[in-house]
*Asks:* 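Before I ask anything, here is the structure I am working with.
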Amino acid sequence: MNREAFNAFCATLPQSTHVVQWGGADVWKVGGKVFAIAGWLEDVGLSVSFKVTPIGYEILSDAEGCRPAPYLASRGMKWIQVRGIADDDLKAHVRGSYDLIVAALPKKTKRELGLS
């Protein structure tokens, strides 16, 4: 998946917002909370970090193309960074991250966003 396709997919998730920060990374949020961060390295290609469940973190930490997300995982957060995985797998993981973030939003925020 290229950066444009990644951003187009994230834009389809309800009430998602996009900002460019942290040195040009594409940061996707819902309710003001980050659910995906994507960057592009010329020698590597697209690199995406996303939130996972504790079990997902244990499984994906050692999977091919995956690693604990630098900075985030070192602070105890359950985030994984991926490179070179199948498009459908990446979309499923990002959607899962989005769903985790939405589930953790306060009820009032969910109502205001129409996500309840």
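Atoms considered below: every heavy atom in the structure, side chains included; atoms not considered: hydrogens, waters and symmetry mates.
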*Asks:* Just so I know, are the side chains of V48 and I37 near enough to count as touching, which here means a heavy-atom distance under 4.5 Å?
*Replies:*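 Side-chain contact under 4.5 Å: no.
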*Asks:* Give, for atom CG of L13 and atom CH2 of W28, the distance between the pair rounded to the nearest 0.5 Å.
*Replies:*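 So the gap between those two atoms works out to 8.0 Å.
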*Asks:* Side-chain contact, heavy-atom cut-off 4.5 Å: K29 with V19?
*Replies:*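 Of all side-chain heavy-atom pairs linking V19 with K29, at least one is under 4.5 Å.
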*Asks:* Could you tell me which non-hydrogen atom of T109 sits nearest to which non-hydrogen atom of G31, and how far apart they are?
*Replies:*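 Scanning both residues completely, I find the closest heavy atoms to be CG2-CA, 4.4 Å.
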*Asks:* Which heavy atom in K110 sits nearest to a heavy atom in A103, and how many Å separate them?
*Replies:*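 In terms of heavy atoms, the two residues are closest at NZ-O, 3.3 Å.
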*Asks:* Quick one, R67 and R83 - any side-chain contact, counting heavy atoms below 4.5 Å?
*Replies:*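 R67 reaches R83 side chain to side chain.
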*Asks:* Between atom OG of S16 and atom CD1 of I101, what is the distance when rounded to the nearest 0.5 Å?
*Replies:*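 Nearest 0.5 Å value for the OG-CD1 distance: 13.0 Å.
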*Asks:* Would you say that V30 contacts L115 through its side chain, given a criterion of any heavy-atom pair below 4.5 Å between the two side chains?
*Replies:*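 They are in side-chain contact.
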*Asks:* Just by modelled atom types, is the M1 backbone N or O under 3.5 Å from a matching donor or acceptor in the D87 side chain?
*Replies:*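 Such a contact is found between D87 side chain and M1 backbone.
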*Asks:* Would a distance-only check, ignoring hydrogens and angles, find a side-chain to backbone donor-acceptor pair under 3.5 Å from K51 to I80?
*Replies:*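 Looks like no, no N/O pair under 3.5 Å.
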*Asks:* What are the two closest non-hydrogen atoms of H93 and I85, and how far apart are they?
*Replies:*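 For H93 and I85, the tightest heavy-atom pair comes out as CD2-CD1, 3.9 Å.
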*Asks:* Please tell me whether V34 and L100 are part of a single hydrophobic cluster in this structure, the criterion being side-chain heavy atoms less than 4.5 Å apart.
*Replies:*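 Per the 4.5 Å side-chain linkage, V34 and L100 are not co-clustered.
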*Asks:* Are F9 and V102 linked, directly or through intermediate hydrophobic residues, by side-chain heavy-atom contacts shorter than 4.5 Å (ILVMFWY only)?
*Replies:*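 Cluster IDs for V102 and F9 match.
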*Asks:* For the residue pair F6 and V94, establish whether any side-chain heavy-atom pair is separated by less than 4.5 Å.
*Replies:*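 Yes, close enough: below the 4.5 Å cut-off.
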*Asks:* Do you know the tightest heavy-atom contact between M77 and Y57?
*Replies:*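 Taking every non-hydrogen atom into account, O-CE1, 4.3 Å.
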*Asks:* Is it the case that the side chain of Y98 and the backbone of P14 share a donor-acceptor pair, with hydrogens and angles ignored and the cut-off at 3.5 Å?
*Replies:*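 Present.
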*Asks:* Which is it for C10 and F35 under the side chain to side chain contact (heavy atoms under 4.5 Å, CB included) test, yes or no, and what are the steps along the way?
*Replies:* CA-CA 10 Å; C10 289; F35 69 86; 4.3 Å; yes
*Asks:* Can you establish whether the number of heavy atoms outside E64 located under 6.0 Å from its atom CD is more than 12?
*Replies:*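 No.
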*Asks:* Flag yes if W79 and V52 sit in one hydrophobic cluster, no otherwise; membership is Ile, Leu, Val, Met, Phe, Trp, Tyr, and two members link when side-chain heavy atoms are under 4.5 Å apart.
*Replies:*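 Unlinked, W79 and V52 end up in two clusters.
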*Asks:* Is there side-chain contact between L105 and K33, with heavy atoms separated by less than 4.5 Å?
*Replies:*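 The answer is yes, as the side chains (C-beta and beyond) meet within the 4.5 Å cut-off.
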*Asks:* Nearest 0.5 Å, please: how far is NZ in K108 from OG in S116?
*Replies:*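 Answer rounded to 0.5 Å: 13.5 Å.
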*Asks:* State, with a plain yes or no, whether a side-chain heavy atom of N2 is found less than 4.5 Å away from one of L46.
*Replies:*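 N2 vs L46: side chains apart.
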*Asks:* Less than 4.5 Å apart, side chain to side chain, heavy atoms only: is that true for Y71 and S49?
*Replies:*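 No, side chains not in contact.
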*Asks:* What distance do L60 atom CG and K78 atom NZ have between them, rounded to the nearest 0.5 Å?
*Replies:*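 L60 CG to K78 NZ: 12.5 Å, rounded to 0.5 Å.
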